[in-house]
Asks: 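My questions all concern the structure below.
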Amino acid sequence: DEREILAEGTCGDNLTWILYKDGELVISGTGAMKDYTNNILNCAPWYSNRTKITKLTIGEGVTSVGTYAFLDCSNLVNAAISDSVTSIGDHAFNSCRAMTTVKMSGNVTNIGKFAFAYCSVLTGIDIPAGVTSIGEYTFVSCRSLTSVTIPDSVTSIGEWAFASCISLTSVTIPNSVTSIGGSAFDGCKMLTEVLIPNGVKTIGEWAFGGCIGLTSVTIPESVTSIGTGIFGDCTGLTCVEVSENNNDYISVDGVLFNKSKTSLICYPGGKSGEYAISDGVTSIIDYAFCACSGLTSVTIPESVTSIGERAFYGCSSLTSVTILSKTATFGSDVFYNCNNVTIYGYAGSTAETYAKNNNIPFVALDEREILAEGTCGDNLTWILYKDGELVISGTGAMYDYTNNNSNCAPWYSNRTKITKLTIGEGVTGIGKYAFADCSSLTSASIAESVTRICGWAFYGCNALKSVYIVDFEAWLNIVF
C-alpha cells in the first residue's frame, strides 16, 4: 500500500495495525486482538488518533475484536470485519457516533456488553446466526436503528440491550429466546408491535417500559416470571393479553394479574376513567399503574395488604383513591407525581398515616353500615345508612322526580327509614318531590352551595322539626 502512514504498531501477539493519513485503520495478522480499557494507561494504541479514524478494516486471520478497541472513535463511519472474527469484546465500538454501517462476520458467536452502545447513527445491523446471546447494553441508545432481526441461535437478550433505540419500529424475536432482560427495550418509543414468542420464560423488570407506541401485547403460555414495571410508562397500551394456557398469569379486562388474581401486576397505561380493584387482590406491585395518565379514580378493596413502590407513579389525572383496607402497607413514593390526588380512607388507618406523612389530602370515610346507595344527579351520589341518615354528595343539581312510582326518588322505597338528611357542599339544587313522604325525617342540613329548592321537595315530611342552613344569607337567595 503506497498510502502515507500516520501511525502504526502492534495490537496482539501476531497482529499489527496501520493508520493511514486518509483515515483508514487496518488490522492485519493472525489471532486475537489485545483487550484494552477506558483508562488512558491501558487504552488502544491508536486512541490518541481516534478522531482521525474514518474507516476500519479488520483483515482475514484476526479472530477477535478486543474490549474497548475502538471506544470513542467518533468519526468512524463504516467498519468491515473479516470472516475469521468470532468474538467482539465489551465496549468494542462504544460511542462510535458517526458509524452508519458495520459488516460483521457471519462466524461471530459472541458480542460483548456495550459493544455497539451509543452508535447513534447506526441504522441497521445483521446479527450473525451463530450468536447465542445479546449482552447487556449491546445496542443501547443506537438512536437511528430502525429494525432488528434476531437469529434463532439467540437464547437470551440482556438487560438494556436495545434500550433507548428511539427509532426502532420493529423487532423479530425468535422462538429460541428464553429470557428477555430488564429494560431490554426500555424507551423504544416508536416500537408499535412486539411478538413475544412461546418459549420465553422470564421477562425482566421494565423490559418494555416507555414503549409508548405499543397498543396491545400478549404474554405467551411459556412465561413463568415477569418483573415489575414490565410495561411501565407505555401510555398507548390499552390491553395486556395472556395465553389461556399460561399457568402463572392471567388477564382480566386487559389488566395483568398473577394466576390466582391476588397480585395486580400491570394496569395498561392507555386505559382511562375509573377502576375498582376486585376483592381478593392482596398486593399491588411496584409501578403497577405507572403513567396511567387517563386514570381518574381507583378503589382499593379491604383485601389489599400491600401497595408497592411508586405504584401510581405519574397518574397525572388521578384525583380520588379510596382505600378500604385499614392496615395496608405502603412502599415509597406510591403517588409520586400525582399532584391532584385525594386519599379516602378510614380514620386511624395506615392510609391516613401515609397521606399525612406525604402531605396528601385525606378524607375520612364513614364506617357506618350502608342500607342502600346510588346516583341522584349527573355528578351526585346518595347513601342511606342503616342508622337512618341519607347523605347527598357531589356537584351540581339533583334530578327532578314525581310522586309516581315510575319516576320517584331512588330512596323512595326506604323513605320511612330516613330520619336525618345531609346535603353536602357542591350540591346546587334539590329536585321536585325529592324527599316526598319521608314521614320519619326529623332534621335536614342543607349546604351553602344549594341555590334552588324545587316544588314539593319536602312534601309530606310531617315529622320534620329542624332545617339547618349553613349560611343564612345564602338561604335568603334560594329560589323556591
Asks: Among residues at least two apart in sequence or on other chains, which ones pass side-chain contact (heavy atoms from CB on, under 4.5 Å) with E244?
Replies: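 side-chain contact (heavy atoms from CB on, under 4.5 Å) check on E244 returns nothing, list empty.
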Asks: Would you check if the side chain of S167 reaches a backbone N or O of R143 as a donor-acceptor pair within less than 3.5 Å?
Replies: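 Pair found, side chain donor or acceptor close to backbone of R143.
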Asks: Return the set of residues passing salt bridge (Lys or Arg N to Asp or Glu O under 4.0 Å) with D126 (not counting sequence neighbours), or none when no residue passes.
Replies: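 Counting only residues at least two positions away or on another chain, D126 forms no salt bridge (Lys or Arg N to Asp or Glu O under 4.0 Å).
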Asks: Who are the salt bridge (Lys or Arg N to Asp or Glu O under 4.0 Å) partners of K356, not counting sequence neighbours?
Replies: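 Checked K356 against salt bridge (Lys or Arg N to Asp or Glu O under 4.0 Å); matches are E352.
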Asks: So do L318 and F289 actually touch side chain to side chain, heavy atoms under 4.5 Å?
Replies: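 They are not in contact (no side-chain heavy atoms under 4.5 Å apart), so the answer is no.
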Asks: If you take all heavy atoms of T67 and D35, which pair is closest and at what distance?
Replies: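 Closest approach of T67 to D35: N-OD1, 2.9 Å.
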Asks: Residues two or more places apart in sequence or in another chain: which of them pass salt bridge (Lys or Arg N to Asp or Glu O under 4.0 Å) with E136?
Replies: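 Scan of E136 (salt bridge (Lys or Arg N to Asp or Glu O under 4.0 Å), adjacent residues dropped) gives none.
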Asks: Angle class for the W411/Y401 ring planes (parallel below 30°, perpendicular above 60°, tilted otherwise)?
Replies: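 Plane angle over 60°, so perpendicular.
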Asks: Going through the checks in order, is the side chain to side chain contact (heavy atoms under 4.5 Å, CB included) test met by I81 and I88?
Replies: CA-CA 10 Å; I81 302 172; I88 297 176; 4.1 Å; yes
Asks: Is it true that the side chains of N198 and S222 contain a donor and an acceptor less than 3.5 Å apart?
Replies: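 Side chains of N198 and S222: pair found under 3.5 Å.
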Asks: Counting only N and O atoms by type, is there a donor-acceptor contact under 3.5 Å from the side chain of S133 to the main-chain atoms of S156?
Replies: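 Pair absent, no side-chain N/O of S133 close to backbone of S156.
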Asks: Can you name the residues that form a ring pair (Phe, Tyr, Trp, His ring centres under 6.0 Å) with F231, not counting sequence neighbours?
Replies: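 Applying ring pair (Phe, Tyr, Trp, His ring centres under 6.0 Å) to F231 gives F208.
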Asks: So do the side chains of I323 and S349 get within less than 4.5 Å of each other, counting heavy atoms only?
Replies: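 Contact flag for I323/S349 side chains = no.
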Asks: Taking all non-hydrogen atoms of both residues into account, name the closest pair between L380 and G394 and its distance.
Replies: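 Looks like CD2-C, 3.5 Å.
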Asks: With a 3.5 Å distance limit and no angle check, can you tell me whether T155 reaches the backbone of T178 through a side-chain donor-acceptor pair?
Replies: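 Not confirmed, T155 side chain does not pair with T178 backbone.
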Asks: Can you name the residues that form a salt bridge (Lys or Arg N to Asp or Glu O under 4.0 Å) with D378, not counting sequence neighbours?
Replies: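 For D378, no residue satisfies salt bridge (Lys or Arg N to Asp or Glu O under 4.0 Å) once neighbours in sequence are set aside.
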Asks: For G135 and A161, which heavy atoms make the closest approach, and how far apart are they?
Replies: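 Answer, listing the atom of G135 first, then A161: O-CB, 3.8 Å.
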Asks: So does K271 have more than 12 non-hydrogen atoms from other groups sitting under 6.0 Å from NZ?
Replies: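 Correct, the count exceeds 12.
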Asks: For Y399, does the OH atom sit with more than 12 other heavy atoms under 6.0 Å from it, leaving out its own atoms?
Replies: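 Counting other residues, nucleotides and ligands, OH of Y399 exceeds 12 neighbours.
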Asks: Is a side-chain donor or acceptor of S317 paired with a backbone partner of S293 at a separation under 3.5 angstrom?
Replies: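 Yes; judged by distance alone, with no hydrogens or angles, the pair exists.
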Asks: C165 and side-chain contact (heavy atoms from CB on, under 4.5 Å): which single residue from C188, S141, S144 fits?
Replies: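 The residue from C188, S141, S144 that satisfies side-chain contact (heavy atoms from CB on, under 4.5 Å) with C165 turns out to be C188.
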Asks: Evaluate the side-chain proximity of F185 to L214: yes if any heavy-atom separation is below 4.5 Å, no if none is.
Replies: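 They are not in side-chain contact.
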Asks: Got I134 and I111 here, is their nearest side-chain heavy-atom distance under 4.5 Å?
Replies: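 No, too far: nothing below the 4.5 Å cut-off.
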Asks: For a quick test of reading the model, state the closest non-hydrogen atom pair linking D387 to R368 and the distance between them.
Replies: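 Looking at all heavy atoms of both residues, the closest pair is OD2-NH1, 2.7 Å.
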Asks: Does atom CG of N357 have more than 12 heavy-atom neighbours, drawn from other residues, nucleotides or ligands, at distances under 6.0 Å?
Replies: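 Enclosed: over 12 neighbouring heavy atoms sit under 6.0 Å from CG of N357.
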Asks: Under 3.5 Å, is there a donor-acceptor pair between the side chain of S449 and the main chain of V427?
Replies: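 Yes; at least one donor-acceptor contact below 3.5 Å.
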Asks: Is the backbone N or O of Y313 less than 3.5 Å from a side-chain atom of N337, with the two atoms forming a donor-acceptor pair by type?
Replies: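 Flag not set: sc N337 to bb Y313 has no pair under 3.5 Å.
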Asks: Dump the intermediate steps for side chain to side chain contact (heavy atoms under 4.5 Å, CB included) on Y433 and D400, then the final yes or no.
Replies: CA-CA 7 Å; Y433 289 96; D400 285 329; over 6 Å; no
Asks: For a quick test of reading the model, state the closest non-hydrogen atom pair linking P128 to S153 and the distance between them.
Replies: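 Shortest heavy-atom separation between P128 and S153 comes out as O-OG, 4.2 Å.
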Asks: Can a donor-acceptor pair be found between the side chains of T262 and N258 at a distance below 3.5 Å?
Replies: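 Result is yes, a qualifying pair exists.
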Asks: Taking the six-membered ring for Trp, are F139 and F116 parallel (under 30°), tilted (30 to 60°) or perpendicular (over 60°)?
Replies: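 The rings of F139 and F116 lie parallel, inter-plane angle below 30°.
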Asks: With heavy-atom distances below 4.5 Å as the criterion, would you say the side chains of F257 and V252 are in contact?
Replies: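 Yes, their side chains come closer than 4.5 Å.
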Asks: Under 3.5 Å, is there a donor-acceptor pair between the side chain of Y249 and the main chain of I226?
Replies: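 Side chain of Y249 to backbone of I226, a donor-acceptor pair under 3.5 Å: yes, one is there.
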Asks: Return yes if some donor-acceptor pair links the side-chain N/O of S440 with the main-chain N/O of T416 below 3.5 Å, else return no.
Replies: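 Here the side-chain-to-backbone pair exists.
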Asks: Between S278 and P301, what is the shortest heavy-atom contact and its length?
Replies: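 Nearest pair, atom of S278 first, then P301: O-CG, 3.5 Å.
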Asks: Under a 3.5 Å threshold, yes or no: a donor from one side chain and an acceptor from the other, between Y412 and D437?
Replies: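 The criterion, which ignores hydrogens and geometry beyond distance, is satisfied for D437 and Y412.
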Asks: I want to check something: taking the side chain as every heavy atom from C-beta on, are T149 and S147 in contact at a cut-off of under 4.5 Å?
Replies: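 SC-SC contact between T149 and S147 ruled out.
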Asks: Okay, side chain of K259, backbone of N246: is any donor-acceptor separation there less than 3.5 Å?
Replies: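 Looks like yes, one N/O pair under 3.5 Å.
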Asks: Ignoring hydrogens and geometry beyond distance, is a side-chain donor-acceptor pair present between E241 and S216 at under 3.5 Å?
Replies: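 There is no such pair (donor and acceptor under 3.5 Å, judged by atom type) between the side chains of E241 and S216.
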Asks: Does any donor atom in the side chain of S176 or D152 lie under 3.5 Å from an acceptor atom in the other side chain?
Replies: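 Not at all, the side chains of S176 and D152 share no donor-acceptor pair under 3.5 Å.
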Asks: State, yes or no, whether a side-chain contact exists between T329 and T350 at a heavy-atom distance under 4.5 Å.
Replies: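 No, side chains not in contact.
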Asks: Taking T101 for its side chain and N78 for its backbone only, find out whether a donor-acceptor pair lies under 3.5 Å.
Replies: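 Here the side-chain-to-backbone pair does not exist.
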Asks: As a quick check of understanding, evaluate side chain to side chain contact (heavy atoms under 4.5 Å, CB included) for F330 and N358, giving each step before the final call.
Replies: CA-CA 11 Å; F330 291 78; N358 291 274; over 6 Å; no
Asks: Is any side-chain heavy atom of I430 less than 4.5 Å from a side-chain heavy atom of I446?
Replies: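 A side-chain contact under 4.5 Å exists here.
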Asks: Between the side chains of S263 and S283, is a donor N or O closer than 3.5 angstrom to an acceptor N or O?
Replies: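 There is such a pair (donor and acceptor under 3.5 Å, judged by atom type) between the side chains of S263 and S283.
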